[in-house]
Amino acid sequence: MLTTGERPRELRWYHAGPMLFGDWGTSRLYVLGLAFAFTYRASFWYVAAMCLLMIGVGWSYEIICRLFPDGGGVYSSAQRRSQLLAVVGGLLLCADYVVTASLSCLDAFHYLGINGFYLSIRGIGTSGGIPLDALAATLTILAIGWLNYFGPTKTGTIAMFVALATVVLTLVIGVACLPHLGEAFARVESPFKHGVARSWIGFTEIVLALSGVEAIANMTGIMVQPVEKTARKAILPVLIEIVILNLILALAMTSLPDEILFEKLPNGDLAHTGDMLKQIASHYISPGFAAVASVVFAALLLSAVNTAIGALVSTQFMLSRDKELPKALAKLNRFGMPKIPLVVAAVIPALVVVLFPDVEKLAGLYAIGVVGAISITLASTSTNRQLELKTFERAFMLGLTAIMLAIGLTITLEKPAARSFALIVLVTGLAGRLVTIVSNKVVPIERSTRIGYMAFAASAVAAELGIALIMGDDWRAFIPSSIVALIMGYASYETQKYRAILLAPPEAPTLEAAPAKPRMILKGEYSPKERIMVATTGNPRLIDFAIKECKNRQAELDILFIRHLAVTPMGSTAPPTLAEDSDALDLFDRLRAQSQENGVPLRLLYGVARDIPEAILDMAVTHGADLLLLGTTRRGTLWKAMKGDVIQAVAEQLPERIGLLIHA
């Protein structure tokens with residue numbers, strides 16, 4: 001139950017571990033193929049080097065989880081150093097989540113065998129028309145976004161079982177590869193065959209294997225105490241599994257026949273960049289096993305799409321709640337999901353797949369967001385002298401920061417599409433921040449200045465997009481694009497002084513009394529003998545029945561309005577309050593008039609929660625309800641299967657002393 005900004009700590013290590021694997025471990029499904037596409041038979045050494053980097057990053061994030069038990073990650077860690085830097089980190093995280101959704105969905109269809117086919121007016125063929133895998137991925141992303149409109153479904157448990165099934169299947173594949181590792185090692189080539197510089201670039205090509213580690217830091221706010229222990233027990237087994245099996249599978253990959261490794265699509269691309277684990281399973285076990293395993297792998301990738309969309313929504317919601325982006329982004333629908341962020345989180349990844357219908361191209365976009373977010377997290381933490389870091393921990397994280405910055409610089413130089421994508425995200429986000437600050441009427445600036453700032457923000461976004469469209473991947477485009485980004489960053493920095501005005505707490509109604517409004521507890525025409533609690537968001541038939549029942553029983557009417565917040569908590573951002581909830585305020589105004597008219601004592605209660613049944617139970621017990629009155633839903637079986645039955649969940653745990661009355 002969230003009424004004062006606190007969040008229930010229910011996430012245990014055996015929940016967090018599979019969730020982390022669903023983000024961090026999923027990258028294996030495309031990193032193996034990408035490693036071979038970029039470095040051929042030297043790929044084992046590059047994967048081994050990446051595993052060493054993963055160990056260092058994993059250990060660093062254990063420390064970060066310890067230091068930020070109420071929500072870590074790039075936004076929280078950078079916020080201690082600079083609010084603007086925190087926003088930049090949050091925007092890079094958004095870029096990461098966008099490409100996570102795009103790449104994961106596209107790769108899912110590669111594991112399902114939809115690769116190298118095109119849809120044209122003549123039908124499906126191997127050349128010309130729209131790439132079938134990209135079309136399927138685009139439609140799937142939009143469909144997953146539509147499902148998220150109705151808030152979180154009961155897919156969390158399914159995702160956990162899919163993650164565990166993936167681990168088991170990958171272990172089987174790894175064990176099957178063990179007898180062949182000696183032969184495979186004999187075919188491994190030197191990583192320095194084409195020079196040290198080329199080797200370094202090849203290493204940076206697969207840095208997206210680090211993606212997903214930010215997820216564990218963002219979970220700390222809902223982890224059971226002690227957070228340090230919970231985080232370590234979640235990270236360690238996932239890290240061990242990823243490192244050991246990645247090494248085995250990368251080595252086994254080098255021993256695959258040339259006709260598999262170098263098979264080409266009609267367009268000249270390598271055929272198995274996106275489904276290398278399927279090919280390993282088929283060669284070392286059997287095609288039948290590979291086909292079954294690929295369905296599970298595809299399910300895990302689609303689960304990663306769902307997670308990425310949810311995380312992208314959460315990041316936008318968090319930035320909006322912190323008044324870094326327009327407040328419209330924090331507006332919830334009736335199912336507890338932010339409306340506009342959900343549209344952005346579904347449409348943008350779908351558009352990215354259309355523009356970059358290729359695993360290798362998406363990998364380039366992916367890497368810059370991953371590296372940028374991790375670099376800011378490590379740099380902000382290791383340079384913050386106020387944090388309790390041991391000397392060797394600080395030194396190690398500083399060294400790791402230097403490596404990540406070098407990787408980021410290399411990607412910027414080598415991947416023109418990636419740098420353009422990152423700059424567009426940053427300029428658009430900073431423009432939104434600038435507009436958010438200067439458009440607020442409490443900011444003391446002239447109207448003409450306000451309009452000028454807003455026109456400048458719109459012009460900067462248009463200029464950034466125009467440079468990318470006109471100059472494309474030309475190196476010369478980087479200079480004007482960077483200048484636009486720097487100017488926008490400076491303008492955003494200059495308006496930072498106005499944020500203190502925006503963050504000043506408004507006068508808000510409390511649970512007991514509200515300024516300029518009637519009391520939240522109203523006396524009736526009689527002294528109540530019991531309490532009837534009604535959980536509703538405004539069902540008039542239920543409220544009318546409750547008032548009649550209260551008059552018959554001489555009872556106090558306790559109206560409970562629960563605002564469902566379906567967004568996954570990130571950082572320490574406060575949840576919505578009653579002062580911001582116009583629906584609840586309007587309902588409470590109507591109820592005051594209705595209860596006074598009928599002479600029924602009234603108590604108005606408000607809360608924000610992710611788990612509705614738990615919130616109802618908590619309030620019923622806390623406020624001493626004698627009878628709990630709930631209304632039935634008219635939604636069908638499919639809805640209950642997806643969302644669960646609130647009445648059943650409440651009935652199963654309601655104390656015996658509290659009666660339960662269902663109104664149809």
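Everything quoted here is computed from the prediction, not taken from an experiment.
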Are the side chains of [X] and [Y] in touch, meaning some heavy atoms are under 4.5 Å apart?
{"X": "D96", "Y": "S211", "answer": "yes"}
{"X": "T100", "Y": "V370", "answer": "no"}
{"X": "E530", "Y": "C550", "answer": "no"}
{"X": "R531", "Y": "R603", "answer": "yes"}
{"X": "R334", "Y": "T537", "answer": "no"}
{"X": "N306", "Y": "N148", "answer": "yes"}
{"X": "L628", "Y": "L654", "answer": "yes"}
{"X": "Y606", "Y": "D581", "answer": "yes"}

Determine, step by step, whether E241 and R28 satisfy the salt bridge (charged side-chain N to carboxylate O under 4.0 Å, His left out) criterion, reporting the C-alpha distance in whole Å, the side-chain angles of both residues, the deciding distance to 0.1 Å, and the verdict.
-> CA-CA 11 Å; E241 192 274 351; R28 170 190 296 144; 2.9 Å; yes

Straight-line distance of [X] [atom1] to [Y] [atom2], nearest 0.5 Å:
{"X": "I612", "Y": "I562", "atom1": "CD1", "atom2": "CD1", "result": "6.0 Å"}
{"X": "K523", "Y": "S595", "atom1": "NZ", "atom2": "OG", "result": "14.0 Å"}
{"X": "D322", "Y": "T436", "atom1": "CG", "atom2": "OG1", "result": "11.5 Å"}
{"X": "E393", "Y": "I63", "atom1": "CD", "atom2": "CD1", "result": "4.0 Å"}
{"X": "L147", "Y": "M337", "atom1": "CG", "atom2": "CE", "result": "11.0 Å"}
{"X": "D558", "Y": "L602", "atom1": "CG", "atom2": "CG", "result": "8.0 Å"}

Charged N-O contact under 4.0 Å between [X] and [Y]:
{"X": "R592", "Y": "D589", "answer": "yes"}
{"X": "R499", "Y": "E324", "answer": "yes"}
{"X": "E62", "Y": "R66", "answer": "no"}
{"X": "R563", "Y": "D583", "answer": "yes"}

Between S76 and Q79, a side-chain donor and acceptor under 3.5 Å = no

Looking only at side chains, do Y75 and Q83 share a donor and an acceptor under 3.5 Å apart?
-> yes

Sequence neighbours excluded, which residues qualify as ring-ring contact (aromatic ring centres under 6.0 Å, His included) partners of [X]?
{"X": "Y149", "value": "F335"}
{"X": "F545", "value": "H663"}
{"X": "F297", "value": "Y111"}

Tell me, with the steps shown, if L585 and L578 meet side-chain contact (heavy atoms from CB on, under 4.5 Å).
-> CA-CA 7 Å; L585 290 172; L578 175 58; 3.8 Å; yes

Side chain of S320, backbone of P326: donor and acceptor closer than 3.5 Å?
-> yes

Could you tell me which non-hydrogen atom of [X] sits nearest to which non-hydrogen atom of [Y], and how far apart they are?
{"X": "S77", "Y": "T381", "result": "CB-OG1, 3.7 Å"}
{"X": "V534", "Y": "L557", "result": "CG2-CD1, 3.6 Å"}
{"X": "L277", "Y": "T170", "result": "CD2-OG1, 4.4 Å"}
{"X": "A651", "Y": "L660", "result": "CB-CD2, 3.7 Å"}
{"X": "L239", "Y": "G58", "result": "CD2-CA, 4.5 Å"}

